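It should be emphasised that the depicted structure is a prediction, and the values quoted were computed from it without experimental measurement. Residue numbers start from 1 in every chain, and the chains themselves are labelled A, B, ... in the order their sequence lines are given, proteins ahead of strands.
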Amino acid sequence: MLKVISWVNEIRGAARKEPNLKLGRPVLEYLARVWHSPHAMSELPKAYEPTEVEKSWYQAWIDGKCFEADPSSEKPAYSIVIPPPNVTGILHLGHVLNNSIQDILARRARQKGCEVLWLPGTDHAGIATQTKVEKQLREEEGKTRRDIGREAFLEKVWEWKEKHGGIIINQLKRLGCSCDWSRERFTMDEEYSKWVSKVFSDLFKQGLIYRGKRMVNWCPVSLTALSDEEVIMKPQKSKLYYMKYELVDEPGEFLEIATTRPETLMGDVAVAVNPTDERYGKYVGQKVRRPFPAAEIPVVADEHVDPEFGTGALKITPAHDKADFEIGVRNDLAIIDVFHADGTVNCPEVKDLDGLDRFVARKKAAAMLEELGLMIKVEEYENKVGFSERADVPIEPRISMQWFLRYPAVDDATKAVAEDEISYCPAHWAKTYANWMNGIQDWCVSRQLWWGHRIPVWYRKEKSEDLQAAESLTLGDLEAGDLHVSTEPPADPENWIQEDDVLDTWFSSWLWPFATMQNVGEESDLVKKFYPTADLVTGPDIIFFWVARMVMAGYHFKGELPFKNVYFTAIIRDIQGRKMSKSLGNSPDPIDLMDKYGADGLRFGLMRIAPVGSDVRFDEVQIEEGRNFANKIYNACRFRRMAGSDSRVDFDIVASKSLRPYHLDILARCDALAMKLDIAYAEYKFNEVGGQLYDFLWSEFCDKFLEAVKGDLRDDASEEQRNTTLGVFDTVMARYLQMLHPYMPHLTEELSSRMGYLGEGEFLMEKLLPSNGLLDGVSAGLVSEAQAQADAVYETAGRLRNLKAEYRVAARKDVSFVAKSGPAWVKDESETIALLVGAESITRDESYLPEQGTPGAVTAAGEFFMPLDGLIDVEAEKSRLDKEIEKVQKEVGKCRGKLGNEKFVTNAKPEVVDVERGRLSEWEGKLEQLQEMRTNLG
RNA sequence: GCUCGGUUAGCUCAGUGGUAGAGCGCUUGCUUCACACGCAAGAUGUCACUGGUUCAAAUCCAGUAUCGAGCACCA
């Protein structure tokens with residue numbers, strides 16, 4: 001079956017040639033013929049076509065249950081939990097990078113003999129999902145969620161989730177992710193939700209969760225509170241309005257105030273000045289007139305006021321500003337809320353403003369002040385304004401009843417990272433983490449949404465109004481029996497009313513590492529085997545949202561850390577360094593990229609440019625490189641197949657008597673590669689691993705080894721030569737494909753299978769990576785001698801090619817070289833050197849006396865000459881060189897003239913002069929070279 | 001204001017206390033019986049700047065400039 005899958009391409013190739021081919025016996029006969037034909041692969045497409053191959057192998061792995069973790073396994077455990085993507089999401093490049101890394105780690109761990117659990121799933125993403133469904137409801141039915149009610153709305157969200165929720169999962173599959181899909185979780189699964197309720201209820205009973213009226217970040221579009229982390233500060237061009245309030249006791253005297261928000265004037269309850277500010281000391285205790293609605297408000301002193309800013313006097317609106325709120329508390333001021341929840345003005349006393357949107361009201365209020373003669377001036381001003389992360393509108397500081405969490409296990413969590421029990425890679429993120437942990441603020445966990453985990457709190461019906469309006473809610477109310485907080489609803493639901501709010505999405509995400517492995521109140525083999533997890537791979541942008549909170553949850557609920565290592569990926573930017581975003585349209589669709597370059601190409605290309613620590617600028621060219629690399633490997637194997645279809649992967653290196661330097665050299669380099677990869681993996685240097693894999697295959701294997709041994713595969717080569725070379729090829733390639741597998745899983749599985757490197761029914765992805773080297777048992781002295789010889793040959797080939805190019809005979813293959821001196825072994829290799837150089841022959845002649853001007857080169861393999869007689873038309877070459885020299889001399893003259901011109905040097909820009917100098921030395925160098933060649937010709 | 005990171009070829013980026021690297025791009029030559037998604041040859045650098053440590057600094061240290069990120073404040 002598997003073989004058949006691997007033959008898909010051959011069938012397609014065959015279909016092209018024999019369109020009448022039908023399935024069944026004729027196909028098998030045809031395949032047998034093709035497979036054993038020495039040119040089997042040459043009948044295949046010259047370029048690797050990944051699409052079908054990737055699809056087939058992914059299905060084969062699924063069918064073979066290769067991704068499923070066995071908690072009863074004796075093997076050491078290795079586990080990762082996926083950072084659950086939003087269920088509404090579609091794959092972007094950040095996901096590709098992040099999940100490729102996880103897949104690489106998982107596949108590598110399997111090869112190293114671990115039992116691997118890579119646990120996948122999705123996040124319900126409260127606001128994001130609800131917003132999408134609300135939008136659809138508005139567009140399709142012209143209704144709001146309130147029109148249809150909570151229950152019907154939630155039904156719609158679930159429907160939507162069923163329809164679109166699988167998209168990103170399928171995209172991850174397309175990428176080749178080896179997640180254990182049989183254990184896929186969703187944060188709103190019934191069992192998972194039980195964890196959320198349990199944790200909430202426990203924390204409440206521990207006194208860590210409380211409810212109270214506080215100043216929170218309010219999103220006027222989503223109509224919910226947000227945590228501090230969901231607010232993004234953005235610089236905004238706004239205006240600073242200078243206005244004045246008249247003193248009640250001194251008519252005609254005014255107190256000047258600067259503000260960016262005149263629309264909150266109706267909520268002003270005081271004017272504050274700094275107690276040390278001598279200008280205003282006399283006013284403290286007096287009253288000023290608020291123009292609309294007319295009122296007399298006090299002047300108070302508060303240290304928060306910066307005398308340097310604006311006029312040094314600050315209007316106090318406790319309902320609409322966090323700092324003002326605190327000043328209000330300190331000075332016992334009233335709170336006047338002048339906005340509706342959606343950000344429109346709620347002030348019936350001021351008809352002109354009532355009902356206006358806050359930004360319209362701002363202009364209107366300013367105009368009204370102008371009319372009253374109370375506006376002094378307006379300045380352009382840039383300040384920072386908090387924006388709602390999801391809705392992308394300025395948030396409104398607002399006092400409302402919310403639930404808060406006092407973070408648990410803060411000390412343990414801080415210490416774990418500081419003392420490297422949890423290691424961060426790159427390590428510098430530990431500092432960012434520590435900074436946040438040190439200034440940690442209570443977490444507003446309630447959201448005024450419908451899609452999410454509803455807070456598991458019930459109020460006794462007859463007291464519910466009082467309780468819900470109460471300034472605070474604590475354990476006392478629970479003990480009084482008026483409150484029910486539990487994972488289970490009350491037994492007599494008709495007497496209770498459940499809390500309306502749902503929980504912040506992250507309140508479920510922070511339980512992810514263990515809540516995915518275990519149900520509440522149940523023993524779990526999975527947890528025993530796989531928790532704590534080994535590595536967490538995520539972006540540094542969610543270090544507070546997710547990582548820090550998971551660490552605290554791990555310590556508080558499980559008594560230990562949730563993961564041992566955290567690898568923070570780079571953030572992918574576009575070529576201009578901007579963050580990828582839909583609105584900029586600079587975010588390429590990974591699916592398009594996979595269509596064009598294959599999943600393996602995309603993975604490899606991205607991994608090679610993802611450095612540890614810094615951001616990465618994405619360029620499609622890099623993905624193209626990944627595809628080209630896949631094609632290179634494919635063609636190396638295709639070449640191998642043309643020399644014979646039988647696998648010689650069992651070739652006995654140690655017993656072989658006919659190994660040439662190139663064989664030993666590539667075997668040694670393959671062993672060295674294995675060691676380099678071990679080191680790079682240990683340091684999570686994925687770009688280094690990619691680079692090593694790339695360089696080995698392309699520079700060492702193809703450019704050098706394969707070219708050097710091509711002669712062994714020609715028709716005139718001996719059977720032994722041929723077998724040795726095929727044996728070494730297969731030995732190295734089989735091992736190499738295994739090492740490459742985590743990066744390019746589909747291609748390597750395909751080629752290993754097609755090349756016959758696998759046993760019956762065996763998968764490459766399940767095959768252990770051997771710990772032995774290919775050259776174990778071979779004398780080290782023999783190997784290093786061989787490598788020195790191989791190096792000498794490659795160096796010599798390079799130098800002789802160089803000579804050919806210099807004398808413009810690069811295209812000719814009839815060049816003959818003379819080897820005048822050199823070590824004895826070179827005689828055996830001269831044919832290979834000639835092959836590498838593209839020369840007719842290299843003749844050993846110790847008595848050779850080169851004519852004057854014969855170009856030559858001295859290398860580790862001896863002294864070589866390229867006799868020019870008959871090779872080039874000496875006279876023609878002379879005159880070509882003369883012409884060339886004349887031309888270059890002219891250029892040199894031009895440059896010298898320019899630089900000799902005092903006016904040019906003094907007046908021109910320094911960089912222009914520099915360019916000219918550079919140009920001069922360039923031309924001079926060229927001139928010297930040409931003159932030397934000309935002299936050599938006599 | 002505090003913290004962190006970057007500054008290396010035209011571009012994107014590696015790099016190490018000891019002669020400066022890759023890919024792309026560029027120039028030249030190749031359809032050579034694996035690969036033009038390829039082969040071969042070539043050109044290209046004050047490693048941001050200024051000091052210090054050192055036999056030796058692009059690399060370590062300090063400062064400056066500049067770009068970026070995060071946190072805090074912003075009437």
Side-chain angles (χ1 to χ4, degrees), chain A residues 39 41-42 44 46-48 228 233 235 240-242 257-262 264 271-272 304-306 309-317 321 323-324 381-385 426 428-432 434-436 438-439 540-541 543-544 571 573 575 577 579 597 601 605 608-622 624-643 685 687-688 690-691 694-695 698-699 702-703 706-707 710 713-715 797-798 801-806 808-813 835-838 914 918 922 925-926:
Chain A
H39 296 286
M41 273 183 108
S42 66
L44 292 175
K46 282 165 116 179
Y48 176 55
D228 295 344
M233 301 304 279
L240 190 57
Y241 300 88
Y242 286 78
I257 294 159
T259 181
T260 52
R261 302 203 61 189
T264 63
V271 172
H304 172 81
V305 182
D306 176 5
F309 189 92
T311 63
L314 170 63
K315 74 186 198 67
I316 304 300
T317 325
D321 183 281
D324 287 10
Y381 180 64
E382 189 176 297
N383 63 343
K384 281 186 194 164
V385 177
H428 68 81
W429 288 112
K431 196 148 187 173
T432 305
N435 285 344
W436 188 74
N438 287 334
D541 47 336
I543 191 165
F544 310 137
I571 290 177
R573 299 172 178 283
I575 199 77
K579 247 185 170 170
Y597 305 112
R608 272 196 73 207
I609 55 159
V612 182
S614 50
D615 294 354
V616 59
R617 288 178 194 223
F618 176 80
D619 189 343
E620 193 168 321
V621 169
Q622 293 152 333
E624 199 178 324
E625 224 177 278
R627 175 202 59 181
N628 295 352
F629 183 54
N631 189 54
K632 186 77 180 175
I633 306 165
Y634 167 84
N635 269 293
C637 290
R638 185 163 162 259
F639 172 67
R640 159 68 183 84
R641 293 293 307 195
M642 289 173 73
K685 288 186 176 171
N687 57 335
E688 169 80 15
Y694 186 92
D695 290 346
W698 207 302
S699 313
C702 289
D703 289 350
L706 225 45
E707 293 302 328
K710 261 184 180 168
L713 303 178
R714 294 207 167 141
D715 293 341
R801 278 195 295 245
N802 189 305
L803 285 185
K804 281 178 73 185
E806 216 168 276
R808 307 170 61 77
V809 294
R812 296 179 61 167
K813 289 185 200 163
L835 180 74
L836 287 170
V837 175
D914 279 349
E922 203 173 298
K926 190 150 192 182

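In this model, the phosphate group of B:rG70 is not approached by any side-chain N or O of A:H428 to a distance below 4.0 Å at OP1 or OP2. A:N628 has a side-chain polar atom (N or O) that falls below the 4.0 Å cut-off from OP1 or OP2 of B:rG38. Considering only side-chain N and O atoms, A:N802 lies under 4.0 angstrom from the phosphate OP1 or OP2 of B:rG42. At the phosphate of B:rA34, neither OP1 nor OP2 sits under 4.0 Å from any side-chain N or O atom of A:W698.
Backbone-only engagement by A:L240 is indicated by non-hydrogen atom pairs under 4.0 Å involving sugar-phosphate atoms exclusively. Among the atoms of the strands shown, only primed sugar atoms or phosphate atoms (P, OP1, OP2) are found under 4.0 Å from some heavy atom of A:D703. Residue-level contact check: A:R801 touches the backbone only, with heavy atoms under 4.0 Å from sugar-phosphate atoms and none from bases. Contact annotation for A:D321: backbone-only contact, meaning every heavy-atom pair under 4.0 Å involves sugar-phosphate atoms and none involves a base. At a threshold of 4.0 angstrom between heavy atoms, the contacts of A:K431 are confined to the sugar-phosphate backbone, with no base atom among them. Residue contacts for A:A323: at a heavy-atom cut-off of 4.0 Å it reaches the sugar-phosphate backbone alone, with no base atom in range.
Closest to the side chain of A:M233, out of B:rA34, B:rC39, B:rC74, is B:rC74. The listed nucleotides are B:rA72, B:rA75, B:rC37; the one nearest the side chain of A:K384 is B:rA72.
To the nearest whole angstrom, the two C1' atoms, one in B:rC13 and one in B:rU7, are 12 Å apart. Distance noted for atom P between B:rG15 and B:rU28: 34 Å (whole Å). Comparing B:rA20 with B:rU27, their P atoms sit 28 Å apart, to the nearest whole Å. Comparing B:rA43 with B:rA57, their C1' atoms sit 28 Å apart, to the nearest whole Å. For the C1' atom pair drawn from B:rG51 and B:rG45, the interatomic distance equals 23 Å after rounding to whole Å. B:rA41 and B:rU64: their P atoms are spaced 48 Å apart (whole Å). Distance noted for atom P between B:rC2 and B:rU46: 34 Å (whole Å). Rounded to a whole angstrom, the distance from the C1' atom of B:rU54 to that of B:rA62 is 16 Å.
B:rU44 is unpaired under the criterion used here, namely a Watson-Crick or G-U wobble arrangement in which both key atom distances are under 3.5 Å. Pairing of B:rA75, defined by two Watson-Crick or G-U wobble distances under 3.5 Å, is not identified with any nucleotide. For B:rG5, the paired base is B:rC67 (Watson-Crick or G-U wobble, both distances below 3.5 Å). Within the shown strands, B:rG10 is the pairing partner of B:rC24 under the Watson-Crick or G-U definition, both distances less than 3.5 Å. In this entry B:rC60 has B:rG52 as its Watson-Crick or G-U wobble partner, both defining distances falling under 3.5 Å.
Within 3.5 Å, a donor on the side chain of A:K632 pairs with an acceptor on the base of B:rC35, or the reverse. In this model, no side-chain donor or acceptor of A:K46 finds a partner on the base of B:rA36 within 3.5 Å. Counting atom types as modelled, A:E707 pairs no side-chain N or O with a base atom of B:rA40 as donor and acceptor under 3.5 Å.
In this entry the distance linking CD of A:E624 with C1' of B:rC37 reads 7 Å, nearest Å. Atom OH of A:Y48 is separated from atom P of B:rG38 by 16 Å (rounded to the nearest Å). Between A:I543 atom CD1 and B:rU3 atom C1' there is a gap of 13 Å when expressed in whole angstrom units. Atoms CG (A:D619) and P (B:rU12) sit 9 Å apart, rounded to a whole Å. Nucleotide B:rA75 holds its P atom 11 Å from the CG atom of A:D306, rounded to whole Å.
Between A:F309 and A:Y381, the ring planes lie perpendicular to each other; the angle is over 60°, past the 30° to 60° tilted range.
Considering all non-hydrogen atoms of both residues, A:D324 and A:K315 come closest at OD2-O, 3.3 Å. Closest non-hydrogen pair, A:W429 versus A:P540, comes out as CZ2-CB, 3.3 Å. The two residues A:T260 and A:L240 have their closest heavy-atom pair at CG2-CD1, 3.8 Å.
Seen from the ring of A:Y694, A:K632 does not count as a face-on cation partner, given the 6.0 Å and 45° thresholds.
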Start with the C-alpha gap between A:R608 and A:F629, add the side-chain angles, then the distance that decides, and say whether side chain to side chain contact (heavy atoms under 4.5 Å, CB included) holds. CA-CA 12 Å; A:R608 272 196 73 207; A:F629 183 54; over 6 Å; no
